[in-house]
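Below is one structure, written out as structure tokens; the observations come after it.
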Number of protein chains: 2
Amino acid sequence: MNEKEKALIEAKANVLKSLAHPTRLWMAEQLAEGEKCVCELAENIDADFSTISKHLSVLKQAGVVEDEKRGKMVYYKLKVPCILKYMPCVEAVIRAKMEEQTVLFK
Amino acid sequence: MNEKEKALIEAKANVLKSLAHPTRLWMAEQLAEGEKCVCELAENIDADFSTISKHLSVLKQAGVVEDEKRGKMVYYKLKVPCILKYMPCVEAVIRAKMEEQTVLFK
DNA sequence: ATGACATTTGGTCGTTTTACCATACGTGCA
DNA sequence: TGCACGTATGGTAAAACGACCAAATGTCAT
């Protein structure tokens with residue numbers, strides 16, 4: 001693996017990592033419906049505002065979302081919407097695992 | 001968000017997390033070509049065997065890969081191959097970010 | 001300007017992750 | 001049976017992460 005491939009793998013892993021947290025994944029899924037301000041996202045998250053803000057910052061750093069300040073509020077939206085098209089496959093992994101465990105009881 | 005939704009989000013985040021490490025993502029990509037034994041994967045990774053084994057164990061726990069022991073060797077393969085179909089979109093995120101940074105020099 | 005509001009930033013601390021080393025386990029061959 | 005080989009497991013230390021609190025920033029209305 002050369003330097004370039006290594007850098008690409010690291011970059012990809014980083015994008016995945018940004019989504020690999022329940023709160024951040026949930027936020028991204030919410031944004032799939034359209035842009036939302038931080039306050040709207042925060043309504044349904046039981047965590048400090050500063051925590052929420054930091055999670056959004058991680059997604060932004062990763063390039064998954066972008067923000068725009070309008071008045072007092074900051075709006076976030078998905079930057080590359082396909083980023084969530086993947087979830088059915090992720091769910092397939094989970095289903096496969098659950099089925100396997102279910103078999104143990106038969 | 002009810003308990004069930006919460007559990008699903010956590011499960012999904014967990015699958016993503018298993019892939020959100022350069023070494024593990026690289027391994028998964030290698031396995032897309034077909035099953036490989038630990039020794040084959042190890043050839044191209046600069047890390048301790050125990051480290052490699054633990055990474056594979058994380059992928060297995062997450063349900064992304066499965067293993068099969070044949071003789072002295074253990075073979076791993078992708079369990080749900082679609083899990084890598086996503087990478088083009090992940091790369092799109094990276095490209096978008098890079099283009100943005102490039103613009104800064106114009 | 002002042003205060004209230006929405007969000008971000010800095011600091012601290014407990015938890016999790018990751019890498020390495022040493023060691024254990026299971027398998028096939030001498 | 002004993003040894004070498006391929007892989008997994010346990011322990012430990014360093015680094016990264018995530019949550020909270022406190023305080024800063026920027027914006028709007030007064």
Side-chain angles (χ1 to χ4, degrees), chain A residues 1 6-7 9-28 30-31 34-79, chain B residues 1 6 9-28 30-31 35-79:
Chain A
M1 188 159 41
K6 206 168 174 177
I9 277 279
E10 273 169 19
K12 288 194 282 188
N14 204 48
V15 172
L16 291 175
K17 193 156 72 173
S18 78
L19 290 165
H21 184 286
T23 302
R24 292 196 295 264
L25 183 55
W26 182 84
M27 286 169 156
Q30 294 302 300
L31 296 179
E35 69 166 23
K36 295 221 188 324
C37 68
V38 178
C39 50
E40 286 174 286
L41 293 168
E43 273 172 20
N44 295 289
I45 302 174
D46 182 24
D48 205 90
F49 247 83
S50 65
T51 301
I52 291 167
S53 180
K54 274 172 188 169
H55 278 310
L56 284 166
S57 156
V58 171
L59 288 170
K60 185 179 161 189
Q61 273 303 310
V64 172
V65 304
E66 57 191 342
D67 63 342
E68 190 189 335
K69 187 159 194 168
R70 292 206 295 277
K72 276 197 262 193
M73 273 117 113
V74 178
Y75 293 84
Y76 280 84
K77 68 177 168 191
L78 287 186
K79 205 162 158 191
Chain B
M1 188 158 42
K6 206 168 174 176
I9 279 278
E10 274 169 20
K12 287 192 284 188
N14 205 48
V15 172
L16 290 175
K17 194 157 71 172
S18 78
L19 290 164
H21 184 285
T23 302
R24 292 194 296 264
L25 182 56
W26 182 85
M27 285 170 155
Q30 293 304 301
L31 296 180
E35 71 167 21
K36 295 222 187 330
C37 68
V38 178
C39 50
E40 286 174 287
L41 293 169
E43 272 173 21
N44 295 288
I45 301 175
D46 182 25
D48 203 271
F49 248 84
S50 65
T51 301
I52 291 168
S53 181
K54 274 172 188 168
H55 278 310
L56 284 166
S57 155
V58 170
L59 288 171
K60 185 179 164 189
Q61 273 302 313
V64 171
V65 304
E66 57 191 342
D67 62 343
E68 190 189 334
K69 186 159 196 167
R70 292 206 294 276
K72 275 198 262 193
M73 271 116 115
V74 178
Y75 292 85
Y76 281 84
K77 67 177 167 191
L78 287 186
K79 204 162 158 189

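All heavy atoms count here, side chains included; hydrogens, waters and symmetry mates do not.
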Check salt bridge (Lys or Arg N to Asp or Glu O under 4.0 Å) between [X] and all other residues, then give those that pass, not counting sequence neighbours.
X	value
A/D67	A/K60
B/E66	none
B/K79	A/E100

Worksheet item: Contact boundaries of DNA chain D with chain B (under 4.0 Å, heavy atoms), 5' to 3'?
Response: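 Boundary nucleotides touching chain B, in 5' to 3' order, are D/dC5 to D/dG11.
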Discussion item. Checking A/Q61 now: which residues fulfil side chain to side chain donor-acceptor pair (under 3.5 Å) with it, not counting sequence neighbours?
Written reply: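 If we apply the side chain to side chain donor-acceptor pair (under 3.5 Å) test to A/Q61, skipping adjacent residues, there are no hits.
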Item to complete: Identify, with sequence neighbours excluded, every residue that meets side chain to side chain donor-acceptor pair (under 3.5 Å) alongside A/S50.
Response: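 If we apply the side chain to side chain donor-acceptor pair (under 3.5 Å) test to A/S50, skipping adjacent residues, the hits are A/D48.
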Fill in: Reading 5' to 3' through nucleotides 2-7 of chain C, protein heavy-atom contacts under 4.0 Å coded B for base, S for sugar-phosphate only, - for none
---BSB
Discussion item. Taking side-chain hydrogen bond (donor to acceptor under 3.5 Å, both in side chains) as the cut-off, I'd like each qualifying pair that reaches into residues 13-25 of chain B, sequence neighbours left out, listed once.
Written reply: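 As it turns out, the side-chain hydrogen bond (donor to acceptor under 3.5 Å, both in side chains) pairs with a partner in residues 13-25 of chain B, which skip direct neighbours, are B/R24-B/H55.
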Worksheet item: Taking only residues at least two apart or on different chains, which pairs with a member in residues 40-69 of chain A satisfy disulfide bond (SG atoms under 2.5 Å apart)?
Response: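 As it turns out, there is no disulfide bond (SG atoms under 2.5 Å apart) pair with a partner in residues 40-69 of chain A once direct neighbours are skipped.
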Item to complete: For residues A/L56 and A/V65, report the shortest heavy-atom separation together with the two atoms involved.
Response: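 Closest approach of A/L56 to A/V65: O-CG2, 4.1 Å.
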N/O-N/O pairs, protein side and nucleotides 15-24 of chain C side, under 3.5 Å:
from	atom 1	to	atom 2	distance (Å)
C/dT17	OP1	B/K17	NZ	3.0
C/dT18	OP2	B/R24	NH1	3.2
C/dA19	OP1	B/H21	NE2	3.3
C/dA19	OP2	B/H55	NE2	2.6
C/dC20	OP2	B/D48	N	3.2
C/dC20	OP2	B/T51	OG1	3.3
C/dC20	N4	B/K54	NZ	3.1
C/dC21	N4	B/S50	OG	2.7

Discussion item. List the residues meeting side chain to side chain contact (heavy atoms under 4.5 Å, CB included) with A/K72, not counting sequence neighbours, and say none if there are none.
Written reply: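 In terms of side chain to side chain contact (heavy atoms under 4.5 Å, CB included), with neighbours along the sequence ignored, A/K72 is linked to no residue.
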Taking distance alone, no hydrogens or angles, what donor-acceptor pairs closer than 3.5 Å link side-chain atoms of residues 38-47 of chain A to residues at least two apart or in another chain?
from	atom 1	to	atom 2	distance (Å)
A/E40	OE1	A/C37	N	2.9

